[in-house]
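Because the structure is a prediction, the values reported are computed rather than measured. First the proteins, then the strands, lettered A, B, ... as listed; each starts at 1.
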Amino acid sequence: MDTLLENAEKRIRELTETINFHNYRYYVLDEPLIDDAEYDRLMRELQRIEKEFPQLKYPDSPSQRVGGEPLESFRQVKHEEPMLSLNNAFTIKEVFEFDRRIKDELKKEEDALSSVDYICEPKLDGVAISLLYRDGLIEHAATRGDGEIGEEITANARTIKGIPFRLFGDDYPTLLEVRGEVYMPKHSFKILNKRAKAKGEKIFVNPRNAAAGSLRLLDSKITAKRDLFIYCYSIGSVEGGVLPSTHGEHLKKLKQWGFRICPEVQKAQDVDACIEYYNGIKDKRDELSYAIDGVVYKVDEIKHRKIIGFIAKAPLWAIAHKFPAEEEISIIEAIEFQVGRTGSLTPVARLSPVFVGGATISNASLHNMDILQRLDVRDGDSVVVRRAGDVIPQVVSVIVELRDQNAVPTELPIVCPECNSPVKRVKGESVIRCGAGLSCKAQRKEAIKHFASLHALNIDGLGDKVVEQFVNVGLIESPVDLFGLKEEQIAKLEGQGAKSARNLILAINKSRHTTYSRFLYALGIKGIGVETAKSLSDAFARLKELMTATETDFEAKRNNYEFSNIGPVIINNIIEFFQNDLNTKVVEALIDPDIGGIHWDEKRIDLDQKTTLPLLGMVFVLTGSMENMTRSQAKAHLEALGGKVSNSVSKNTNYVIAASGAGSKLEKAKELKLNILNEQEFLKFLRNHED
DNA sequence: GCTCCTCGAGTTCT
DNA sequence: CTCGAGGAGC
């Protein structure tokens, strides 16, 4: 019996040490020695023996990473040494001033000082925590809190990847406090939110909130399932041991003892090298797996730090050099509802202007009712505004703490703000619509804008502003009226001269000659975009045929034509559109030679010729901007050869043409191992096929 | 019934 | 660009 117990004890010790070592290889050194399956096998064996002999479990057993019993609440702990915050620099000038102050301070003590070494590290956007080790064993972990007092989160910290339970080596101090930043990788954050969304649970605004929220869970078993990591960046209080003389050496020691150190940490010989580091990190920011909001420079020599000292609550020997803000706070000045072409009422936030992400933002769409209600945005609210990698401003969240007590929830409109007709909401959809159709002035305007737009009749000089003006003064009511306009009428209007009037009339005349599919698209039937209009024009050779088509006619076409992406919903939209008398009258007037005069060439597609096109059935995706041609020219070239140009990359894509400035689509193409052409290769490709 | 893919719609600023 | 809905395939 004794030998059984002894064997178990020996094996448990072995396994504990082995697994802790492999954790170190994997998370700290990033050089695993065994594969995941082997690791799992060791872990399962340990768990099995520990279950049998619970009294033998070691305090540093890696099995505890799965979490323990839930807590009632968190205990507050006072930090031995306060956890300070850093001063911020937003400009290079501020960084130079920081460097100058340090040199001045040090010169008082050291005459021969030439330059100061700095350690540069990315500033992780996570949660700062403190870890306390006594005799090499983890004793407790605490959040930063207000810097003086934090919360004890030891059970949760045990589940974080890269936190050792027992230190490696034997040269560690008896008491050692280590500080680091806990973070959730960007991709883990996305997955977490996706799952939460699917389950209808609360989603997190950003990876930092996800990390903070996960650390503050009372049930560490749930924390264990969250993908949390740590990068350690400094040593706090120390007793019973001697530390090296520079910060860089401290980090090396920490790594030896088993802590995870960010691989981007670098030494800079002077302030210029710091700036170079800043620019380098800024460029690779998106590639990093974790979110950062700047970089930190710290004086390397510990003895220098003592000379430089502190002011208020921040050290003068370190500074955070921040990237331009991607998020800013603004005030909601009003929430308005815009009426779209399809009658959709889109809530839009009017904001007090803020500079964020390189541009001043004063409007942000709130997209639809679901989002409006989920955010619970109210008039006068302080909100977080973002303009991240993408261009489009977005209201991220409301700062509820700053809300005026009297603020009332935003009411959904019952009537259209433009025409006062009652609003409709289709069950299950997140949009509400004005049901008045073209009798709503706003929808008429949008319909005309759409009619004149680039991919429809492409009428030059008839932009949004001009349409607004013409409709407001009663010059036009429908697209038909455009074709009855006289130069004198236009020239009389404010802001219009004889010249612009003539140009506009010329453009309108030119637009009379168009293509069948452009015309179909221009009508603005719900769900009919450029692509679907093309399919329709192929399937129904004559407009009359399409206008009178019944459901059975559409079904019949399915067998004869490539009729993809047109299902019952779209078919119904088309039939409804042409059943409306107002619509058919407009269409007939537009093509009437005496009124609209719109016409197109009836094209006879030679099927034999079509099948010999070299790129038939091939799907291309264009991304980035080319030097030698525009995107639409490239598209035209490909389509002339029978190719299809799609907007989204998938495994069905044959070629991705990635010119300079290509972004996420190129990433995805690489992921899917698709054929990728750069601009030069693409031009060659075209030449080869156009012969 | 579920999952993947594609298209349409809406949106901001320079 | 992103989101969501429609459509198709399994």
Side-chain angles (χ1 to χ4, degrees), chain A residues 190 193-194 197-198 203 286 330 336-351 353-372 374 385-396 426-433 442-443 446-447 449-450 453-456 464 517 520-536 554-555 558 562-574 619-625 631 635 644-654 661-668 672 674:
Chain A
K190 276 188 194 154
N193 259 359
K194 209 171 174 181
K197 198 175 167 192
I203 62 167
D286 290 340
S330 177
E336 291 172 8
F337 288 85
Q338 277 176 3
V339 186
R341 175 169 65 84
T342 58
S344 57
L345 299 189
T346 308
V348 180
R350 307 283 173 218
L351 303 160
V354 274
F355 189 78
V356 50
T360 306
I361 307 292
S362 45
N363 299 304
S365 171
L366 296 164
H367 296 104
N368 60 45
M369 302 308 131
D370 286 348
I371 293 174
L372 178 71
R374 198 181 69 219
V385 181
R386 177 158 55 192
R387 193 174 180 254
D390 54 344
V391 199
I392 314 249
Q394 189 191 1
V395 173
V396 180
V426 179
K427 254 204 207 118
E429 278 189 14
S430 15
V431 285
I432 57 176
R433 292 177 199 281
Q443 289 185 57
E446 295 307 315
K449 287 178 193 171
H450 175 76
S453 68
L454 181 68
H455 296 290
D464 290 3
S517 69
L520 288 180
Y521 171 70
L523 296 178
I525 305 169
K526 196 163 52 153
I528 312 294
V530 176
E531 298 296 324
T532 317
K534 270 185 204 154
S535 306
L536 283 175
F554 279 103
E555 286 305 324
R558 261 173 206 277
E562 226 186 290
F563 212 56
S564 60
N565 297 325
I566 300 177
V569 176
I570 299 293
I571 290 174
N572 191 46
N573 286 348
I574 298 167
V619 181
F620 299 80
V621 172
L622 303 168
T623 177
S625 50
R631 186 175 287 219
K635 190 175 177 197
K644 197 173 127 50
V645 177
S646 168
N647 282 317
S648 44
V649 179
S650 75
K651 61 173 192 249
N652 298 337
T653 311
N654 298 90
S664 61
K665 284 178 192 169
L666 178 57
E667 295 294 310
K668 193 162 176 199
L672 293 170
L674 300 172

By side chain to side chain contact (heavy atoms under 4.5 Å, CB included) - contacts of A:Thr342 (at least two apart): A:Ser344, A:Arg433, A:Lys526
Spacing of A:Leu536 atom CG relative to C:dG6 atom P, expressed in whole Å: 17 Å
message: Measuring only between side-chain heavy atoms, which start at C-beta, is A:Leu536 closer than 4.5 Å to A:Ile566?
response: yes
- prompt: Rounded to the nearest 0.5 Å, how far apart are CD1 of A:Ile570 and OG1 of A:Thr532?
  reply: 6.0 Å
query: Taking only residues two or more places apart in sequence or in another chain, which ones pass salt bridge (Lys or Arg N to Asp or Glu O under 4.0 Å) with A:Lys534?
result: A:Glu639
message: Walk along nucleotides 5-11 of chain B from 5' to 3' and tag each nucleotide B, S or - by protein heavy-atom contact under 4.0 Å, base first, then sugar-phosphate.
response: SSSSSSB
query: With no hydrogens and no angle check, is any side-chain donor or acceptor of A:Arg341 less than 3.5 Å from a backbone partner on A:His450?
result: no
query: Could you give the CG-to-P distance, from A:Asn572 to C:dG7, as a whole number of Å?
result: 10 Å
Distance in angstrom units between A:Ile571 CD1 and C:dA8 C1', rounded: 14 Å
